[in-house]
Colleague: 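Sharing a structure here in structure tokens format.
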Amino acid sequence: MSKQRILTGITTTGTPHLGNFVGAIRPAIAASRDDSVESFFFLADYHALIKCHDPAQVRQSSKEIAATWLALGLDTSRAVFYRQSDIPEITELTWILTCNAAKGLMNRAHAYKAAVQANEEAGEDPDYGVTMGLFSYPVLMAADILMFRADSVPVGRDQIQHVEMARDIAQRVNHHFAPLFTLPEAVVDDNVAVLQGLDGRKMSKSYGNTIPLFLPEKQLRKAINKIKTNLLEPGEPKDPEDSTVFQIWAAFADAAETARMRREFEAGIAWGEAKKQLFELINAQLAPAREEYERLLADPGYIEQVLKAGAARARETSVPLLAQVREAVGISRMG
Ligand code: TRP
């Protein structure tokens with residue numbers, strides 16, 4: 001049996017935070033160690049251009065995300081780790097898919113619909129500020145996925161619709177031209193925690209409530225001290241289920257340590273003490289990777305080299321598949 005192929009992309013617009021680590025990076029790296037799978041992970045820098053028109057930020061984020069995955073121990077001799085923009089076949093495929101994707105399907109994409117709705121509520125033209133990039137975002141994502149014949153695509157809930165659209169487009173092309181593409185499946189892992197941020201809402205860059213993954217030690221301590229708590233005094237029992245401090249604790253601690261902290265909450269641990277212990281737990285776990293991260297950021301030439309080698313491996317798949325696709329749709333040599 002051939003190996004399950006898992007593929008996922010990371011948009012390069014921000015600095016990786018604890019929520020990204022717990023919800024996406026840690027499970028992806030763990031999964032890539034399984035011998036029965038083949039993993040493709042990439043920096044979605046063309047997707048970054050949709051939301052971000054600041055070149056310095058796109059560059060910096062690409063570097064930080066690559067350094068993060070490498071520092072956390074991604075084994076690039078197993079996983080294929082590359083940058084979307086190093087694979088010209090993806091953008092070529094995007095156009096061919098664009099010509100086979102129903103506009104009506106794209107009209108239903110959540111991100112586009114949300115933008116239109118916000119405009120309507122503000123009394124603006126419905127398409128105010130909407131670029132063709134935003135509108136066609138799911139087609140570029142379909143090309144990312146179909147280009148490598150991915151079987152499963154681990155994503156957050158907000159991305160399920162995009163994977164379904166990729167499936168739809170693949171079916172249409174397979175039916176009309178030739179069975180070129182594997183039909184991908186979105187995989188949402190209910191066992192991984194969706195981490196809460198400083199204010200108790202989901203930790204997300206768009207809420208501005210994140211704790212960056214590799215903050216220097218002092219700043220990490222400060223950030224943890226800013227996590228919102230209630231006014232209960234030391235000695236008063238605290239509800240772990242209702243606490244961001246406890247929720248983050250549980251995402252880093254093992255079962256025994258989680259049970260111990262639960263008892264401490266019930267016994268009325270002071271918030272300051274709980275936060276101190278949380279800092280120590282996270283800091284001890286992340287310190288070695290943080291050191292490696294700093295080292296990698298100071299050596300961007302090395303990161304570049306790793307990504308280039310990943311792209312060469314990725315293109316072993318994308319070049320022949322794109323040739324087949326071109327042939328199938330009628331773009332081919334005359335003699
Ligand atoms: N759109 C995804 C996100 O914002 C990132 C992404 C781009 C992706 N291409 C992909 C994820 C292909 C999975 C597969 O999270």
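In this chain, residues are counted from 1 in sequence order. Remember, it's 1-based here, ligands and their atoms both numbered in the order they're listed.
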Colleague: Give every residue pair that meets the side chain to side chain donor-acceptor pair (under 3.5 Å) criterion with at least one member in residues 296-318, sequence neighbours excluded.
Modeller: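 Those involving residues 296-318 are Arg83-Glu304, Glu89-Arg315, Glu89-Ser318, Glu304-Lys308.
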Colleague: Among residues at least two apart in sequence or on other chains, which ones pass ring pair (Phe, Tyr, Trp, His ring centres under 6.0 Å) with His47?
Modeller: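 For His47, the residues satisfying ring pair (Phe, Tyr, Trp, His ring centres under 6.0 Å) (neighbours in sequence not counted) are Tyr137.
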Colleague: Please check: side-chain N/O of Lys51 versus main-chain N/O of Leu49, any donor-acceptor pairing under 3.5 Å?
Modeller: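 It does not hold such a pair.
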Colleague: Examine Arg172 relative to Phe177 and say whether NZ or CZ is less than 6.0 Å from the centre of the six-membered ring and inside a 45° cone about the ring axis.
Modeller: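 Geometry flag: not set, cation outside 6.0 Å or 45°.
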Colleague: May I have a table of the N/O to N/O pairs between ligand 1 and the protein that fall below 3.5 Å, each row giving the two atom names and the distance to 0.1 Å?
Modeller:
| unit_1 | atom_1 | unit_2 | atom_2 | d |
| --- | --- | --- | --- | --- |
| ligand 1 | 1 (N) | Tyr137 | OH | 2.5 |
| ligand 1 | 1 (N) | Gln159 | OE1 | 3.1 |
| ligand 1 | 4 (O) | Thr11 | OG1 | 3.2 |
| ligand 1 | 4 (O) | Tyr137 | OH | 3.2 |
| ligand 1 | 9 (N) | Asp144 | OD2 | 2.7 |

Colleague: Say you draw a straight line from CG of Asp254 to CZ of Arg260; how long is it, rounded to the nearest 0.5 Å?
Modeller: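 Asp254 atom CG to Arg260 atom CZ measures 10.0 Å (nearest 0.5 Å).
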Colleague: Any salt bridge (charged side-chain N to carboxylate O under 4.0 Å, His left out) involving residues 148-169? Give me the pairs, sequence neighbours left out, ordered by first then second residue.
Modeller: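 Passing the test, one end in residues 148-169: Arg157-Asp190.
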